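Heads up: numbering here begins at 1 and tracks the sequence. All values reported here derive from a predicted model rather than from experimental measurement.
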Amino acid sequence: MRVLSIVHDPGETGGGGIFELAVPERGHRLDRWVAADGDAPPGRPDEWDAIMVFGGAMHPDQDAEHPWLSGEAEFVQAALQERVPLLGVCLGAQLITRAAGGEVGPAASAEVGWFDVALEPEGRRDPVVGVLPERFPAFQWHYYTFRLADGAVQLASSAAARQAFRLGDRVWGIQFHAEVDRTMVDHWMEAGADELPKPVAELRAETGRNLPEWNQRGRALCDAFLDQAARMAGERG
């Protein structure tokens, strides 16, 4: 199976973390497109069996500041039309929502750090998000949120924002960062120290307690998505 990872920073700390590692570990081919470089997409969406769209420091409606965003949104829209399995994380989930005609915009309150997320009844039945427990602490770093696009089903929420959705039978978006590893979290906390809602030492301690289990849950979610994509690729022959 061939999988495309769309990232918004050329460094490893802005990539797909443990989700990108999972692809070759499962014997699949991983291709990477750094959309923020401004390069054209490396192919048509239907050249891949699955596409994962990750986060970034920019917001999904900042086309004036980041002109490449409109091209990426068009690529995601084409992937939706061609029914390629998609998984969006944070900015990625917001871009999927934008491409599907939903609304994105500033959240009533930001979430930076560890926040509790709860699955909706539909989330508990979902083949991807349903691998997570009914309630769990999730690592977050976002200022924007989304309204569900037509046809989307909410799968999880926190006190501040929608946290997961499914669109149709092969598209998922998660607001929380299930892909992060320790290197990514440490870099984000250093680079975004002014954005932290609590002392960095306290947040590092929370991360030390939560991250090992969080990585297990993130890998389970990624595996579930790749399982679904592989099944769909098999159905296409």
Side-chain angles (χ1 to χ4, degrees), residues 6-8 19 35-36 45 51-130 132 134-179 195 197 221 224-225 228:
I6 303 177
V7 301
H8 305 97
F19 283 26
I51 298 172
M52 301 186 294
V53 191
F54 292 102
M58 60 292 302
H59 299 309
D61 59 356
Q62 290 184 319
D63 294 34
E65 297 90 335
H66 307 285
W68 49 267
L69 269 171
S70 59
E72 183 180 350
E74 290 173 2
F75 180 86
V76 173
Q77 186 177 48
L80 291 171
Q81 293 169 347
E82 294 166 14
R83 292 177 51 76
V84 179
L86 281 169
L87 174 63
V89 178
C90 196
L91 173 64
Q94 296 163 8
L95 284 170
I96 290 173
T97 299
R98 168 182 166 172
E103 296 181 25
V104 294
S109 61
E111 291 180 304
V112 176
W114 294 91
F115 294 84
D116 283 345
V117 169
L119 297 187
E120 308 288 349
E122 188 65 31
R124 295 196 292 271
R125 295 188 291 268
D126 185 77
V128 174
V129 173
L132 300 173
E134 188 171 342
R135 190 173 185 87
F136 53 92
F139 188 75
Q140 310 263 8
W141 202 302
H142 71 99
Y143 298 87
Y144 266 49
T145 187
F146 52 81
R147 293 183 183 273
L148 296 176
D150 288 347
V153 177
Q154 184 166 314
L155 303 178
S157 61
S158 67
R162 293 180 178 88
Q163 291 291 333
F165 65 84
R166 183 183 66 249
L167 180 61
D169 64 351
R170 61 192 62 206
V171 177
W172 288 266
I174 56 173
Q175 184 61 67
F176 48 83
H177 283 283
E179 86 287 12
E195 304 173 44
L221 188 149
F225 168 70
Q228 291 296 308

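Side-chain contact between E65 and H59: absent, with no pair of heavy atoms (C-beta onward) separated by less than 4.5 Å. At a threshold of 4.5 Å between non-hydrogen side-chain atoms, the residues Q228 and P85 do not count as touching. You'll find the side chain of R170 stays beyond 4.5 Å of the side chain of L86, heavy atoms only.
Closest approach of V76 to L95, counting heavy atoms only: CG1-O, 4.3 Å. Here the shortest heavy-atom pairing between W172 and I96 reads O-CD1, 3.9 Å. Considering every non-hydrogen atom in both P60 and V104, the closest pair reads CG-CG2, 3.8 Å. Between A100 and L167, the shortest heavy-atom distance links the atoms CB-CD2, 3.7 Å. Summarising the geometry of H142 relative to C90, their closest heavy-atom pair is CB-SG, 3.8 Å, with the distance given to 0.1 Å. The minimum heavy-atom distance linking A161 with T145 is given by the pair CB-OG1, 3.8 Å.
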Report, one line per pair, each donor and acceptor closer than 3.5 Å where one atom sits in a side chain of residues 112-123; sequence neighbours left out.
unit_1	atom_1	unit_2	atom_2	d
W114	NE1	T207	OG1	3.1
E120	OE2	Q154	NE2	3.0
E120	OE2	S157	OG	3.0
E122	OE1	R125	NH2	3.0
E122	OE2	R166	NH2	3.0

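Separating the CD1 atom in I6 from the CG atom in L87 is a distance of 11.0 Å, to the nearest 0.5 Å. Taking CZ of R98 as the reference point, atom OH of Y144 lies at 11.0 Å (rounded to 0.5 Å). A distance of 7.0 Å separates CD1 of I174 from CD of E179, quoted to the nearest 0.5 Å. Rounding to the nearest 0.5 Å gives a distance of 11.0 Å between CD of E74 and CG of L69. Distance CD/Q94 to CD/E103: 13.5 Å, rounded to 0.5 Å.
Side-chain atoms of E72 and H8 include a donor-acceptor pair closer than 3.5 Å.
A distance-only check finds a donor-acceptor pair linking the side chain of R162 to the backbone of F146 [under 3.5 Å].
Between F225 and F19, the ring centre distance reaches or exceeds 6.0 Å.
By the 6.0 Å contact criterion, CG on D169 is enclosed, its count of non-hydrogen atoms from other residues, nucleotides or ligands being greater than 12. Within 6.0 Å of CD on E82 lie more than 12 heavy atoms contributed by other residues, nucleotides or ligands. Remark: Q62 CD is packed, more than 12 non-hydrogen atoms of other residues, nucleotides or ligands lying under 6.0 Å away.
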Practice problem: List the steps and the verdict of side chain to side chain contact (heavy atoms under 4.5 Å, CB included) for F75 and I51. | Solution: CA-CA 11 Å; F75 180 86; I51 298 172; 3.9 Å; yes
